[in-house]
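A short write-up of the structure that comes next.
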There are 2 protein chains.
Amino acid sequence: MAGGEGELKLLGTWASPWAGIVRIALHLKGLSYDYVEEDLENKSDLLLASNPVHKKVPVLIHDGKPVCESLVIVQYIDEAFQGNGGSSLLPADPHQRAIARFWAAYIVDKLVVSWVQAFKAKTEEERLEGTKQMAVVVETLEGALGDGECSKGKPFFGGDSVGYLDVVLGGLLSWLHGTQALCGAEFFDADKAPLLSAWAERFGALDAAKAVLPDVGRLVEFAKVRRAQQAAAAAEAAAAAAEKK
Amino acid sequence: MAGGEGELKLLGTWASPWAGIVRIALHLKGLSYDYVEEDLENKSDLLLASNPVHKKVPVLIHDGKPVCESLVIVQYIDEAFQGNGGSSLLPADPHQRAIARFWAAYIVDKLVVSWVQAFKAKTEEERLEGTKQMAVVVETLEGALGDGECSKGKPFFGGDSVGYLDVVLGGLLSWLHGTQALCGAEFFDADKAPLLSAWAERFGALDAAKAVLPDVGRLVEFAKVRRAQQAAAAAEAAAAAAEKK
């Protein structure tokens, strides 16, 4: 602990991109914390008590008080530890803050949804629809980096230093690097999205990214096994339901 | 205009609950604004230029600079016009802010999704599943009001005065009052959710709510017509697709 901030505990899983977002933010703010790896098949009493509504990771517990939902947690970290680790994640100007929040919502609503659609596709048609949507997202983010609304031609969405939007997209980085292996399409394509690809390299080279983000190969293996297990469980449930009829 | 805040213009539609959320916030902050009713079948060039990513209402344009996405806009209004209309919508304490943001996300992700599921259901089974999910949401919100995490037993989620979460839920109020007519189940049930029902009465009695929220009967009629049109268009598209095969 950097001292004076109280006790911080994070409940997460190593593969959770949402927990990754929070860990990146904690690292950038120079905050140390106890990390508790949760087993989602057998959730701890602490997780169930701390996030009774969603029962999901990540949960940040600060001096005994839980904060849930990754984007809410990152904003909490930024507001509760102002001045830590240098600059704030969200800019001071209200309009720039609104732009950062707009794009963070876009990443959750559009990028993640299209990615998951491609990843969980049951048919080639569904997969292609997911990757098509994802290509639109990539083009849109490339435009956001290019037209300077977010980054004004600077190295990060946050400008010269990493900001809120960098943290949100950066927390997903290992999963995005696994897109080809998991969804059959590249996410970062230096020809189609040179600015976004250069951003991904810059972000991945940060100490915070190196310290926090999981190994892409391990993640891809984990995701493939999990998808196969879920498909098998779904097929079993469908067969059981058909037998009942 | 209350003076000194610059020019505010809101692009919305009378029936949009998301535009309603923004209008409630503007009213509570004592801000006057030009309101532009959009025709979503024939969107204005201003809307398309102001929200090129989603092309949706609401958009708040402040001195020529657009802000999109209702929850982002409400936070923008709160931050850009600090001190207007008395108190802030979001509390000052970071943990209380996180709680308000958590529940606002819950309303968007769980309440609205279950409501829409019940509203758009194609079968009785789907409708029942939607209303079942909605009942869980109501019970959860009733708990949030009851256990005092948000409201601490005070009249609003924001405490003694209306806060961020009140604005987000309150903007949806006319739609929620139309739940019985549109989804075949009550949303506010004084027996099952007495605190939430009392909150709805209190919120509906506010000047801001009376000034902004659409008439429930008109809304229900509009929604029924629109649902029928969409169902007819979907059936037509399906028939055309079948003919092609």
**Proximity of residues 113-120 of chain B to chain A, residues having a non-hydrogen atom under 4.5 angstrom** = none
**Request:** Could you pull out the closest heavy-atom pair between Pro94(A) and Tyr76(B), with the gap in Å?
**Result:** O-CD1, 3.5 Å
**Item:** By salt bridge (charged side-chain N to carboxylate O under 4.0 Å, His left out) - contacts of Glu125(A) (at least two apart)
**Value:** none
**Asked** chain B heavy atoms under 4.5 Å from Ala105(A): which part of the residue, side chain, backbone, both or neither?
**Response** side chain
**Message:** Let me confirm one number: the SG-CH2 distance from Cys68(B) to Trp103(A), rounded to the nearest 0.5 Å.
**Reply:** 9.5 Å
**Asked** When you look at CD of Glu236(B), are more than 12 heavy atoms from neighbouring residues, nucleotides or ligands closer to it than 6.0 Å?
**Response** no
**Message:** Suppose a student defines contact as a heavy atom less than 4.5 Å from any heavy atom of chain B. Which residues in residues 47-60 of chain A would they list?
**Reply:** Asn51(A), Val53(A), His54(A)
**Message:** Can you list everything that forms a side chain to side chain contact (heavy atoms under 4.5 Å, CB included) with Ala208(B)? Sequence neighbours excluded, please.
**Reply:** His27(B), Leu28(B)
**Message:** If I take atom NE2 from residue His95(B) and atom CG from residue Asp63(A), how far apart are they, to the nearest 0.5 angstrom?
**Reply:** 10.0 Å
**Request:** Return yes when atom CD of Glu139(A) has more than 12 non-hydrogen atoms of other residues, nucleotides or ligands closer than 6.0 Å, and no otherwise.
**Result:** no
**Message:** For Val72(A) versus Ala98(B), what's the shortest heavy-atom pair and its separation?
**Reply:** CG1-O, 3.3 Å
**Request:** State the CD-CZ distance between Glu79(A) and Arg101(B), to the nearest 0.5 angstrom.
**Result:** 4.5 Å
**Request:** Count the heavy atoms of every other residue, nucleotide or ligand shown that sit under 6.0 Å from NZ of Lys9(A), and state whether that count exceeds 12.
**Result:** no
**Complete:** Among Glu69(A), Arg97(A), Lys110(A), His62(A), the residue with the most heavy-atom pairs under 4.5 Å to chain B is Arg97(A)
**Fill in**
Rounded to the nearest 0.5 Å, the CG atom of Leu90(B) sits from the CD atom of Gln75(A) at a distance of 9.0 Å
